[in-house]
A.B. asks: 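The structure under discussion is supplied below as structure tokens; questions concerning it will follow.
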Amino acid sequence: MKHLLKKMAALMMSAVLAVTCIACGAPAGSSAGGQNETIKIGVIQFAAHPSLDNCYNGFVQGLEEAGFKDGENLEIDFQNAQNDTSNSDLIAKNMVAKKYSLLAGIATPSAMSAYAAAKSTDIPVVFTAVSDAVAAGIVQSNEKPGGNCTGSSDVLPLEQQVQMIRAFLPDAKKIGILYTTSEPNSVSQLKEIKEIVKEYGFEIVDVGVTSASEVAAGAATLIAKGVDCINNFTDNNVVDNLSTVLQAANEANIPVFGSEEEQVKNGCLASMGIDYVALGKETGKMAAQILKGEAKAGDLPVFMVKDYAPVYNESVLNALGLSLPSAYADATALSK
């Protein structure tokens, strides 16, 4: 009997030790015994438009290059918020409730949703296509994010964009800006461009909107105020309704300048283009570092895009009766 009790006690102790080892945990992607396990992460994309789609594709590529392949050792729960902040918030909360290993937010509103849902947990958050993460309140600074959140920024080269507009439209006086008042990135970009244009002889005429239903009226208001062109930011609401803006501008025979190459493909005249696939890929690599336990999110500096290239739509250029400025003779011609 004593022998049996000793044997049972030994078995119980072994079980306790095994559970303790598992609880202590190993780096994401491996079990305590060293065997690979499937990691689950959640990705929230705020809206369905090409630049954000490119971010997601790049994000998956970056993860795969770092050894995390969806369907093998990684399971990605990808969800689109359909340009609705309440949807984005709910998706993020559900993902946190499922205790995913990491959340990713594509575009500022979804990054904010992921951060808010996960900030009181130990779930790290990465973001991409966020122009001003500090203004959005999701990092303390780009150099030292702090907390449990980091990612990549599609900060716009606004001065280069203004220089481009002046080259294409040497006699223009008014630049129209349509922006969504609830998007921190757009608010900060508007403030910045208002300072920049003073040196280039432009006036900014801005109209704020709050939803997709106001975009058409906002574009019409800009036209009525006599703007010489419209310049887009990385405003998710406006970009998601780009066709509406382009229709108003085309009827008035004025150009729309985009904030990245996909907008130019879809009808904008020109842009200092951002490669969103490359931006997403950088974010995927950052996520892989975190999942491997090589770095904490709050210690990874925000990746700031630095490479831009001028692109233009030759069909739009011809339709408007404009000529390609000599300074942009090497710009890439795009078409849909």
A.B. asks: Not counting sequence neighbours, list each pair that qualifies as a salt bridge (Lys or Arg N to Asp or Glu O under 4.0 Å) and has a residue in residues 149-174.
C.D. replies: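 Listed by first then second residue: nothing to list.
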A.B. asks: Taking Val130's backbone N and O only, do any of them form a donor-acceptor pair with Ser153's side chain (distance below 3.5 Å, no angle check)?
C.D. replies: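 Confirmed, Ser153 side chain pairs with Val130 backbone.
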A.B. asks: Are the side chains of Ile196 and Phe202 in contact, using a 4.5 Å heavy-atom criterion?
C.D. replies: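 No - every pair of side-chain heavy atoms lies 4.5 Å or more apart.
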A.B. asks: Name each donor-acceptor pair under 3.5 Å that joins a side chain in residues 41-63 to protein atoms two or more places apart or in another chain, with its distance.
C.D. replies:
unit_1	atom_1	unit_2	atom_2	d
Gln45	NE2	Ala47	O	2.8
Gln45	NE2	Asp53	OD1	2.8
His49	ND1	Ser51	OG	3.0
Asn54	ND2	Glu262	OE2	3.0
Asn57	ND2	Asp53	O	3.3

A.B. asks: Taking Asn241 for its side chain and Thr244 for its backbone only, find out whether a donor-acceptor pair lies under 3.5 Å.
C.D. replies: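 No, Asn241 side chain to Thr244 backbone: no donor-acceptor pair under 3.5 Å.
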A.B. asks: Pairs in or reaching into residues 299-309: which pass side-chain hydrogen bond (donor to acceptor under 3.5 Å, both in side chains), with residues at least two apart or in two chains?
C.D. replies: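 Qualifying pairs, neighbours excluded: none.
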A.B. asks: Are any non-hydrogen side-chain atoms of Val215 and Val245 less than 4.5 angstrom apart?
C.D. replies: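 Yes, close enough: below the 4.5 Å cut-off.
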A.B. asks: Do we see a donor-acceptor contact under 3.5 Å between the side chains of Ser152 and Thr128?
C.D. replies: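 A pair is found: one side chain offers a donor N or O, the other an acceptor, under 3.5 Å apart.
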A.B. asks: Do Gln189 and Ser131 pair up side chain to side chain, a donor and an acceptor below 3.5 Å, judged on atom types alone?
C.D. replies: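 Their side chains do contain a donor-acceptor pair, which is all the 3.5 Å distance test asks for.
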A.B. asks: Any donor-acceptor pair under 3.5 Å linking the side chain of Lys292 with the backbone of Ala66?
C.D. replies: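 Checked: pair present.
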A.B. asks: Taking the side chain from Asp132 and the backbone from Ser188, do they hold a donor-acceptor pair closer than 3.5 Å?
C.D. replies: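 No, because the side chain of Asp132 does not come within donor-acceptor range (under 3.5 Å) of the backbone of Ser188.
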A.B. asks: Not counting sequence neighbours, which residues clear salt bridge (charged side-chain N to carboxylate O under 4.0 Å, His left out) with Glu75? List them please.
C.D. replies: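 Applying salt bridge (charged side-chain N to carboxylate O under 4.0 Å, His left out) to Glu75 gives none.
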A.B. asks: Testing Thr85, Thr234, Asn236, Thr108 one by one against Glu183 for a side chain to side chain donor-acceptor pair (under 3.5 Å), which residue passes?
C.D. replies: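 The residue from Thr85, Thr234, Asn236, Thr108 that satisfies side chain to side chain donor-acceptor pair (under 3.5 Å) with Glu183 turns out to be Asn236.
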A.B. asks: Ignoring hydrogens and angles, state whether a donor on the side chain of Gln161 or Asn231 is under 3.5 Å from an acceptor on the partner side chain.
C.D. replies: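 Side-chain D/A pair, Gln161 to Asn231: present.
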A.B. asks: Can you list the residues that meet the side chain to side chain donor-acceptor pair (under 3.5 Å) rule with Glu314, with sequence neighbours excluded?
C.D. replies: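 With sequence neighbours excluded, Glu314 shows a side chain to side chain donor-acceptor pair (under 3.5 Å) to no residue whatsoever.
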A.B. asks: Side-chain heavy atoms under 4.5 Å apart, restricted to Ile/Leu/Val/Met/Phe/Trp/Tyr: what other residues fall into the cluster of Val277, or is it alone?
C.D. replies: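 Other cluster members: none.
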A.B. asks: Who are the salt bridge (charged side-chain N to carboxylate O under 4.0 Å, His left out) partners of Glu72, not counting sequence neighbours?
C.D. replies: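 Listed in chain order: Lys69.
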A.B. asks: Donor-acceptor pair, distance only, cut-off 3.5 Å: does the side chain of Glu203 make one with the backbone of Val227?
C.D. replies: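 No, the answer is negative, given that no donor and acceptor are paired below the 3.5 Å cut-off.
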A.B. asks: List in chain and number order the residues that pass side chain to side chain donor-acceptor pair (under 3.5 Å) with Tyr179, two or more places apart in sequence or in another chain; answer none if no residue qualifies.
C.D. replies: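 Here no residue qualifies.
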A.B. asks: Checking side-chain polar atoms at under 3.5 Å, does Ser186 have a donor or acceptor matched by the opposite partner on Thr180?
C.D. replies: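 Side-chain D/A pair, Ser186 to Thr180: absent.
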A.B. asks: Sub-3.5 Å donor-acceptor pair from the side chain of Asn266 to the main-chain atoms of Ser243, do we have one?
C.D. replies: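 No; zero donor-acceptor contacts below 3.5 Å.
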A.B. asks: Can you name the residues that form a salt bridge (charged side-chain N to carboxylate O under 4.0 Å, His left out) with Lys191, not counting sequence neighbours?
C.D. replies: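 Checked Lys191 against salt bridge (charged side-chain N to carboxylate O under 4.0 Å, His left out); zero matches.
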A.B. asks: State which residues pass salt bridge (charged side-chain N to carboxylate O under 4.0 Å, His left out) with Asp206; sequence neighbours excluded, sorted by chain then number.
C.D. replies: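 Expected list: Lys194.
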A.B. asks: Run through the side-chain heavy atoms of Ile, Leu, Val, Met, Phe, Trp and Tyr, join any pair under 4.5 Å, and report what else lands in Leu90's cluster.
C.D. replies: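 Via sub-4.5 Å side-chain contacts, Leu90 links to none.
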A.B. asks: Mind checking what makes side chain to side chain donor-acceptor pair (under 3.5 Å) contact with Lys99, not counting sequence neighbours?
C.D. replies: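 Side chain to side chain donor-acceptor pair (under 3.5 Å) list for Lys99, sorted by chain: empty.
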A.B. asks: For Lys198, is there any backbone N or O sitting under 3.5 Å from a side-chain donor or acceptor partner on Glu195?
C.D. replies: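 Looks like no, no N/O pair under 3.5 Å.
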